[in-house]
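The block underneath contains the structure these notes are about, expressed in structure tokens.
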Amino acid sequence: MKYFYCKYQNIIETALLLLILMGGCMWKYQEYRIQQAQQGIAEKILRFHVRANSSSSEDQALKLKVRDAVGSYMQQVLDGVDNMTECRQKVQEHLPEVIQTARQTVLKEGYSYPVTAQIETVGFPQKTYGDYTFPAGDYQALNVIIGSGKGKNWWCVMYPNMCFHGTVYEVVDEEAQKSLKQVLSEDEYDAVLKSGQYRVRFKYLDFLNRFLKE
């Protein structure tokens, strides 16, 4: 009886090991696809990034005030913009107004922090908006920095507009979905829809791997 138990245990462990290896290969392939897609996505979207002076509750509240003020202003500026080139141009042209809007907000809230804003390359972690998960990587962004910029930051996708809808932020409505699908290739759009799912699957495979080692 002990012989048969050990035999079947070995078969089960071998089957699980093969499952993990196959899943790992699939995961690596999907990771490669997502990384390739991320580079294409980064060329077609512009993100909005606000860095707080610090992570204190006061500075974090100020960050959101600046976000609201700059976001409201840029929503008007970018109304009707339907391509990345025009979006970048509009943002670049209005950088002085963006900085002025942010500084006025900081002063109004009783702070004297300096504020800078420019379009630059920023490294972002994976971020999910509703059903859409943007892969981690480098993206162009309107980067607004308050004071030292060492606090927790906030970001969204400014173009196509997944940032704001009226006074609500990070809303992925039907119009945003349509715009995103028009901007991205089929593979890039697929990666945005599925990259978060691949992460969940990998965690499941990692659990099986730990189970076998115990």
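Heads up: numbering here begins at 1 and tracks the sequence.
Looking at Thr133 and Gln126, their side chains come closer than 4.5 Å, going by heavy atoms from C-beta outward. Side chains of Leu62 and Ile146 form a contact here, defined as non-hydrogen atoms less than 4.5 Å apart. Using a 4.5 Å heavy-atom cutoff, the side chains of Phe48 and Tyr159 are not in contact. Looking at heavy atoms from C-beta onward, Val192 lies in side-chain contact with Leu184 at the 4.5 angstrom threshold. In this structure, Thr121 and Gln140 have side chains that are in contact, with non-hydrogen atoms separated by less than 4.5 Å.
Arg88 contributes atom CZ, which lies 5.0 Å from atom CD1 of Ile119 (distance to the nearest 0.5 angstrom). The OH atom of Tyr139 sits 11.5 Å away from atom CD of Glu43, with the distance rounded to the nearest 0.5 Å. Here Leu142 contributes atom CG and Cys87 contributes atom SG; the two are 9.0 Å apart, rounded to the nearest 0.5 Å. The CD atom of Glu86 sits 8.5 Å away from the CG atom of Leu78 when rounded to the nearest 0.5 Å.
By the side chain to side chain contact (heavy atoms under 4.5 Å, CB included) test, Thr116 pairs with Ile145, sequence neighbours left out. Asn143 pairs by the side-chain hydrogen bond (donor to acceptor under 3.5 Å, both in side chains) definition with His49, Glu120, not counting sequence neighbours. Listed by chain and number, the residues in a side-chain hydrogen bond (donor to acceptor under 3.5 Å, both in side chains) with Ser57 amount to none (sequence neighbours excluded).
Between the side chain of Gln38 and the backbone N or O of Phe134 there is no donor-acceptor pair closer than 3.5 Å.
For residues 44-61, every residue pair satisfying the salt bridge (Lys or Arg N to Asp or Glu O under 4.0 Å) rule, not counting sequence neighbours, is listed here: Lys44-Glu188.
Under the 4.5 Å side-chain heavy-atom criterion for ILVMFWY residues, no single connected hydrophobic cluster contains both Tyr73 and Ile99.
In terms of heavy-atom proximity, Gln60 sits nearest to Ala52 at NE2-CB, 3.4 Å. Across all their heavy atoms, Pro160 and Ser179 have their closest contact at CB-CB, 3.7 Å. Contact detail for Val144 and Ala102: the closest heavy-atom pair is CG1-CB, 4.5 Å. Minimum heavy-atom separation, Trp155 to Pro125: CZ2-CG, 3.6 Å.
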Show the atom names and distances, to 0.1 Å, of all donor-acceptor pairs under 3.5 Å that link a side chain in residues 91-98 to residues at least two apart or in another chain.
from: Glu93; atom 1: OE2; to: Gln89; atom 2: NE2; distance (Å): 3.2
from: His94; atom 1: ND1; to: Lys90; atom 2: O; distance (Å): 2.8

Show every donor-acceptor pair shorter than 3.5 Å between a side-chain atom in residues 103-111 and any protein atom, with sequence neighbours excluded, or say none if there are none.
from: Arg103; atom 1: NE; to: Val115; atom 2: O; distance (Å): 3.4
from: Arg103; atom 1: NH2; to: Val115; atom 2: O; distance (Å): 3.2
from: Thr105; atom 1: OG1; to: Thr101; atom 2: O; distance (Å): 2.8

Could you please spell out the steps behind the side-chain contact (heavy atoms from CB on, under 4.5 Å) verdict for Asn161 and Val81? CA-CA 10 Å; Asn161 183 13; Val81 170; over 6 Å; no
